[in-house]
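Below is one structure, written out as structure tokens; comments come after it.
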Amino acid sequence: GRAATRRVDPLGLVVKGGIWYLVTVTAGDTRVYRVSRIRRVVVTKDRFERPRQFDLATFWSGWSRDFIASIPEYRVRLRATARALGLLPQIFGDRVRAAIAAAGPPRADGVVIELTFDSCDAACGRLLGLGALVEVLEPSDLRDRLCQTAQAVSELYGGESRRR
């Protein structure tokens, strides 16, 4: 969150999904910085020797795998109506299509699918906009959070504020 000044020895630039990353040696460690977060660059006359054994493609492959493995997974099981199934790819992107396909053909009461989010908060924020088109079956803490949030929204738009 806070700005910091760092002296880095640049090893390479990588673009992934349209986002540029700078791979560096910083304080003796190989680090990765998102280029869009860099506010200012000052080029110095200092020199450094690139490690002979360093291979950018090999480093990036391992770093990416480790980064993805470190992302928290908050698993959600939900029932989606037929109408929701058409909206989910628009909201969550193509990655949701595999979850829909794995669930099999929809039944009259909808289809049960499993999705992953970074956290309960992220799941609540993304799913609340679907209203009654989806019902979270698990986990119970997300069901509770959705209920509390829906009640707060109802109170905001009902009662006294409705007459304003």
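Every pair passing ring-ring contact (aromatic ring centres under 6.0 Å, His included) that includes a residue from residues 82-127 is listed here, sequence neighbours excluded: F92-F117. Residue pairs meeting the salt bridge (Lys or Arg N to Asp or Glu O under 4.0 Å) criterion with at least one member in residues 53-70: none, sequence neighbours excluded. Residue pairs meeting the ring-ring contact (aromatic ring centres under 6.0 Å, His included) criterion with at least one member in residues 128-150: none, sequence neighbours excluded.
Applying the side-chain hydrogen bond (donor to acceptor under 3.5 Å, both in side chains) test to W20 and every residue at least two apart in sequence or in another chain returns nothing. When the salt bridge (charged side-chain N to carboxylate O under 4.0 Å, His left out) test is applied to R97, the partners found at least two apart in sequence or on another chain are D94. Taking the side-chain contact (heavy atoms from CB on, under 4.5 Å) definition, one finds that C120 meets it with Y74, D141, L142, R145, sequence neighbours left out. Under the rule for a side-chain contact (heavy atoms from CB on, under 4.5 Å), the partners of T24 that lie at least two apart in sequence or sit in another chain are V8, L22, T26, R31, Y33. With sequence neighbours left out, the side-chain hydrogen bond (donor to acceptor under 3.5 Å, both in side chains) criterion links S36 to R34. Residues passing the side-chain contact (heavy atoms from CB on, under 4.5 Å) test with A103 are V111, I113, sequence neighbours excluded. By the side-chain contact (heavy atoms from CB on, under 4.5 Å) test, R75 pairs with E73, T116, sequence neighbours left out. Taking the salt bridge (charged side-chain N to carboxylate O under 4.0 Å, His left out) definition, one finds that D9 meets it with R7, sequence neighbours left out.
In this structure, S70 contributes its side chain and F67 its backbone to a donor-acceptor pair below 3.5 Å. Listed for the S64 side chain is a donor-acceptor partner under 3.5 Å among the backbone atoms of W60.
Both L146 and V134 belong to a common hydrophobic cluster when Ile, Leu, Val, Met, Phe, Trp and Tyr are linked at side-chain heavy-atom distances under 4.5 angstrom. Hydrophobic clustering, with ILVMFWY side chains joined whenever heavy atoms are under 4.5 angstrom apart, keeps L13 apart from L56.
With contacts defined as side-chain heavy-atom distances shorter than 4.5 Å, the pair Y21/V35 does not qualify. At least one side-chain heavy atom of F54 sits under 4.5 Å from a side-chain heavy atom of V23. Put simply, the side chain of V76 reaches to within 4.5 Å of the side chain of P139, judged on heavy atoms.
Rounded to the nearest 0.5 Å, atoms CZ (R143) and SG (C124) are 13.0 Å apart.
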For this session: Could you go through the side chain to side chain contact (heavy atoms under 4.5 Å, CB included) check for L78 and V112 one step at a time?
Result: CA-CA 5 Å; L78 59 85; V112 175; over 6 Å; no

Using distance only, find each side-chain donor-acceptor pair of residues 79-88 under 3.5 Å and give its atom names and separation, not counting sequence neighbours.
from: R79; atom 1: NH1; to: E135; atom 2: OE1; distance (Å): 3.0
from: T81; atom 1: OG1; to: A84; atom 2: N; distance (Å): 3.1
from: T81; atom 1: OG1; to: L133; atom 2: O; distance (Å): 3.3

